Amino acid sequence: MTDRATTVLSGLDAIRSGLEDLYKDLHSHPELGFGEHRTAKKAADALRACGYDVTEGIGGTGVLGVLANGDGPVVMARADMDALPVREQTGLPYASEVTVTDRDGAEQPVMHACGHDVHVTCLTGCARLMAEAKDAWRGTFVALFQPSEENGDGAEAMVDDGLTSRSPTPDVVLAQHVLPLPAGYVGTRPGSFLSAADSLRITVHGRGAHGSMPQAAVDPVVMAAMIVVRLQTVVSRELAATTPAVLTVGSVHAGSGPNVIPDKAVIQLNVRTYDDASRSQVLDAIERIVTAECEASRAPKAPEIQRTSSFPPTVNDEAPTRRVADAFAAHFGDDAHTIDLQTASEDMSEIPKAFGVPFTYWGIGGIDPDRYAEAARNGTVAQDVPVNHSPTFAPVLQPTLDTGVSAMTVAALAWLGA
Ligand SMILES: [Zn+2]
Ligand SMILES: [Zn+2]
């Protein structure tokens, strides 16, 4: 018996090498959030070439492609397009050498270090296969290419730019992310999947003076150091061991020379939590500790705490996740798994939220399975397998791309009519 997924995916052999070329091309031409002009054009051209009704420029560079194929359910599949300010160190023949000039005039390296080039390639492939096999399904398939996921504002930008009135309302929204797991792996998870993420920029104020005269100063370097240490107790001493959370101070800046006590220090940190209660508990604790440490140090001015980015938690709806998990089990067999809770974050859920519809979001592997297995045998996965955002994150072409195309197609067909 041939099922519909097998019928639709029978077209994959003919487009595989073209998709691999597209992936390499996207990988060597990464673009930062809201700058995805070239990527968006590639996606839009590919959709148009196979008969989609295409709208470009939604929320900046977002692309919407609609393929109406008779009465039936509407499925929206979303891919993010943006890259990161990372200098690539993969050594791949198609590695990025791209740099851009940032707002301060500095040269920034750019790399697809999160694998969004995989997502764009896989959705492009899936969209094409759906168009070529219209006899195998009924309904409407919507391909959505979103800008600026890394900054947490691309989904919102598309929604603010009228996405819900420009697209048919989907019955479900589907999305996937390549992760540091063996290529070929697909993993679903009902309920909590990705954390909420909040980034804060904290400025603490001291009083500058000569390095030889601490009595004339209020030293913001010491103040910042005490804050950084004390913040380590929020997760370890204030949350229950059963409540997952991460608090990372990723940046501390103060001063410019060895013998000058500066007048301020800037701390940037990131918080990951999985529900609203722990999220506000951690954010409240940060404010309390920062304020108290500044007072303890005789700071002449209260600290400024500014939220620079904010991602919602990604909580998969149960029913659609079960439906996709069943379809994956039937198609992928032993490669279909239940995936662990992840500490990364996503803004994708803003899209289904705006439509008022459920969603499910899953992970696919991108690491050479032999390399992963060896690291697992040695107990060195954390050291030897590069993770997303690392300058050496380099998904293998296959079976990563085949798996991503297949997963999106199989999931979409779990809704679309026969
Ligand atoms: Zn990322
Ligand atoms: Zn990502």
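For ligands, and for the atoms within them, numbers begin at 1 and follow the listed sequence. Worth saying up front: this structure is predicted, and the values here are computed from it rather than measured.
The salt bridge (Lys or Arg N to Asp or Glu O under 4.0 Å) analysis of residues 384-407, with sequence neighbours excluded, yields the pairs R16-D402. Applying the salt bridge (Lys or Arg N to Asp or Glu O under 4.0 Å) test to every pair with at least one member in residues 113-127, sequence neighbours left out, gives no pairs at all. The salt bridge (Lys or Arg N to Asp or Glu O under 4.0 Å) pairs that include a residue from residues 165-176 are D161-R166, where partners are two or more places apart or lie in different chains.
Remark: the backbone N or O of Q306 is not paired with any side-chain donor or acceptor of R201 at under 3.5 angstrom.
Between H116 and H177, the ring-plane angle classifies as perpendicular under the 30° and 60° cut-offs.
A salt bridge is absent between R78 and E350: the closest approach of a Lys/Arg side-chain nitrogen to an acidic carboxylate oxygen does not fall below 4.0 angstrom.
Protein N/O/S atoms closer than 2.8 Å to the Zn ion (ligand 2), listed by chain and residue number, are C114 SG, H116 NE2, H177 NE2.
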